[in-house]
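Please read all numbers here as calculations on a predicted model, not as lab measurements. The chains referred to below are lettered A, B, ... by the order of the sequence lines, with proteins before strands, and numbering in each begins at 1.
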2 protein chains.
Amino acid sequence: MILQKKSAFNQFAAARGLRSTRQRDLILDVFLSTHEHLSVEELYLKVKVSAPGIGQATVYRTLKLFAEAGLAREMTLSDGQTRYEHVMAGEHHDHLICSRCATIVEFEDATIERLQNEIAARHGFSIRSHRLELYGLCPACKETVPVP
Amino acid sequence: MILQKKSAFNQFAAARGLRSTRQRDLILDVFLSTHEHLSVEELYLKVKVSAPGIGQATVYRTLKLFAEAGLAREMTLSDGQTRYEHVMAGEHHDHLICSRCATIVEFEDATIERLQNEIAARHGFSIRSHRLELYGLCPACKETVPVP
DNA sequence: TCATAAAATGATAATGATTATCAAAATAGA
DNA sequence: TCTATTTTGATAATCATTATCATTTTATGA
């Protein structure tokens, strides 16, 4: 699977006249090895563990390339910071976000997807993407926070 | 209606030990007089027309107060910039956003709202708010952009 | 009306996330 | 091996936002 993704990225790079560099290779390794929704800073810190010499600007540039290549998806949560998640072939999902501990849980609902398309059509829009985020408290935080 | 909102803000301010200042009054006037989803910069430029002496930091601080008072709602679109819209009593809506001309259209769908609550419950979350944005092309931009 | 305490302001410095710049390094093809 | 071009890393620059602080304004009580 990871080899598949690496290959996909290399094909994308070749098609764009871009180089396959060891930094990009390593950053992709680290990115694919975690299933969290990471900010650039967080990924950079993980990359620094294996390759201290890689610059933060390189990580910024490389993540944008992964997004262009379809391997990563950018998401901007309410805190305004850009995070990245894996793109799994043929899959889309939305997010439940805990306002207290920042836990992110993914979900998918075909009915909502269909309704979104209907609403868009009703307004004469043709939609390409969407963002659905539900903010509240996760099960763990619900236990510890008294209801006001 | 505007008087109502001003009164509501003044009550909020008094309850918080805050002052009612002419700058806040004017900023609220300008904010309520437009129904767009404005960034702080955009609102600041509008405010400057009537009151050149008002500082940008004042507009930043004041908009945050309007949000706390329940008169405005912050929204962060994909561009990462914070925008503000009016809060209408008892109403919630979501947004269709044109990726080309940045037009924002509001909509509301009770079924989606209900499904969101069901999904949250299914994952043990209790949600407080959500964000739903559909990105695509508005009717006008669909006309002018050839389908690839 | 005046005095005063406290909030608010405006200008601007500071912050943090992100991007631009550029000399040097790395890559890939001939 | 050579060379053209891309990429890198360090860091300056940018931009949206917030912090700082001297000064101003507000609201209250006398």
Side-chain angles (χ1 to χ4, degrees), chain A residues 6-7 9-30 37-69 72 74-84 102, chain B residues 6-7 9-30 37-69 72 74-84 102:
Chain A
K6 290 189 152 212
S7 175
F9 180 67
N10 288 337
Q11 285 172 29
F12 164 84
R16 289 271 300 271
L18 308 174
R19 306 292 164 88
S20 289
T21 65
R22 61 175 189 83
Q23 290 95 333
R24 289 173 176 169
D25 206 61
L26 191 139
I27 295 171
L28 188 51
D29 269 344
V30 177
H37 302 74
L38 296 173
S39 67
V40 181
E41 173 90 15
E42 289 162 346
L43 184 66
Y44 170 63
L45 293 176
K46 284 179 182 280
V47 163
K48 270 184 70 169
V49 170
S50 326
I54 291 191
Q56 184 166 40
T58 301
V59 179
Y60 268 96
R61 287 187 293 247
T62 306
L63 272 172
K64 283 202 173 302
L65 279 184
F66 294 163
E68 286 172 40
E74 288 188 12
M75 51 191 287
T76 314
L77 296 186
S78 300
D79 61 10
Q81 194 170 50
T82 302
R83 292 182 174 275
Y84 289 85
Chain B
K6 290 189 153 213
S7 175
F9 180 68
N10 289 337
Q11 284 171 30
F12 164 83
R16 288 272 298 272
L18 307 174
R19 307 294 167 85
S20 291
T21 65
R22 64 177 187 81
Q23 292 95 332
R24 289 173 177 168
D25 205 61
L26 190 141
I27 294 170
L28 188 52
D29 269 343
V30 176
H37 302 74
L38 297 173
S39 67
V40 182
E41 172 88 15
E42 289 163 347
L43 184 66
Y44 170 64
L45 294 176
K46 285 178 182 280
V47 161
K48 270 184 69 170
V49 170
S50 326
I54 292 191
Q56 185 166 38
T58 300
V59 179
Y60 268 97
R61 289 187 292 247
T62 305
L63 273 171
K64 282 200 174 302
L65 280 184
F66 293 164
E68 287 172 39
E74 288 188 11
M75 54 191 285
T76 314
L77 297 187
S78 301
D79 63 9
Q81 195 171 48
T82 302
R83 293 180 174 274
Y84 289 85

J.: Roughly, in whole Å, what's the span from CD in A/Gln81 to P in D/dT17?
T.: 14 Å
J.: With respect to A/Glu41, which candidate in A/Lys46, A/Gln81, A/Gln56 satisfies the side-chain hydrogen bond (donor to acceptor under 3.5 Å, both in side chains) definition?
T.: A/Gln56
J.: Where is the tightest heavy-atom contact between A/Phe12 and A/Leu18, given as atom of each residue plus distance?
T.: CE2-CD1, 4.2 Å
J.: Think B/Lys64 has a side-chain N or O under 4.0 angstrom from the OP1 or OP2 of D/dT18?
T.: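 B/Lys64 to D/dT18 OP1/OP2: side-chain N or O found under 4.0 Å.
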J.: Grab the CD1-P distance between B/Ile27 and C/dT9 for me, whole Å please.
T.: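 Checked: the CD1 to P distance equals 7 Å.
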J.: For the base of D/dT25, is there a side-chain donor-acceptor partner from B/Arg19 under 3.5 Å away?
T.: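 Side chain to base: no pair below 3.5 Å.
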J.: For A/Leu18 and C/dA26, give me the distance from atom CG to atom C1', rounded to whole Å.
T.: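 For the pair A/Leu18 CG and C/dA26 C1', the rounded distance is 15 Å.
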J.: Quick check on DNA chain D: between B/Thr82 and B/Arg61, whose nearest nucleotide comes earlier from the 5' end?
T.: B/Thr82
J.: What is the nucleic acid contact for A/Glu41, judged by heavy atoms within less than 4.0 Å: base, sugar-phosphate only, or nothing?
T.: nothing
J.: Let's go through A/Tyr84 and A/Glu74 carefully: what are the C-alpha distance in whole Å and the side-chain angles of both, what is the deciding distance for side-chain contact (heavy atoms from CB on, under 4.5 Å) to 0.1 Å, and is it a yes or a no?
T.: CA-CA 5 Å; A/Tyr84 289 85; A/Glu74 288 188 12; 3.1 Å; yes
J.: When you check the phosphate oxygens OP1 and OP2 of C/dT9, does a side-chain N or O of B/Arg24 lie under 4.0 Å from one of them?
T.: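 Yes, within the criterion.
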J.: Answer yes or no: is there a donor N or O on one side and an acceptor on the other, between the side chain of B/Arg16 and the main chain of B/Ala69, under 3.5 Å?
T.: no
J.: Rounded to the Å, how far apart are A/Phe66 CZ and D/dT7 P?
T.: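 Atom CZ in A/Phe66 sits about 13 Å away from atom P in D/dT7.
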J.: Go nucleotide by nucleotide along DNA chain C from the 5' end; which of B/Gly55 and B/Gly17 gets its closest nucleotide reached first?
T.: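 Mapping each residue to its closest nucleotide by heavy atoms, the 5'-most match is B/Gly17.
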J.: To the nearest angstrom, how far is B/Asp25 atom CG from C/dT9 atom P?
T.: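 Computing the B/Asp25:CG to C/dT9:P distance gives 11 Å.
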J.: How is B/Ser39 classified with respect to the nucleic acid when contacts are heavy atoms under 4.0 Å: base, sugar-phosphate, or nothing?
T.: nothing
J.: Would you check, one step at a time, whether the test side-chain contact (heavy atoms from CB on, under 4.5 Å) holds for A/Leu65 with A/Glu68?
T.: CA-CA 5 Å; A/Leu65 279 184; A/Glu68 286 172 40; 4.2 Å; yes
J.: Grab the CZ-P distance between B/Arg22 and C/dT9 for me, whole Å please.
T.: 9 Å
J.: Under 4.0 Å between a side-chain N/O of B/Gln23 and OP1 or OP2 of C/dG10, yes or no?
T.: yes
J.: To the nearest Å, how far apart are B/Leu38 CG and D/dA16 P?
T.: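 That distance rounds to 15 Å.
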J.: According to a strict under-4.0 Å criterion, is B/Tyr60 in side-chain N/O contact with OP1 or OP2 of D/dT17?
T.: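 Yes, within the criterion.
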J.: Whole angstrom is fine here: how far is it from CD in B/Gln56 over to P in C/dA13?
T.: 15 Å
J.: May I ask you to verify if any side-chain N or O of A/Thr21 is less than 4.0 angstrom from the OP1 or OP2 atom of D/dT8?
T.: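 Result: yes.
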J.: If you pin A/Ala57 and B/Val40 to their nearest nucleotides in DNA chain D, which one's is more 5'?
T.: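 Its nearest nucleotide being more 5', the pick is A/Ala57.
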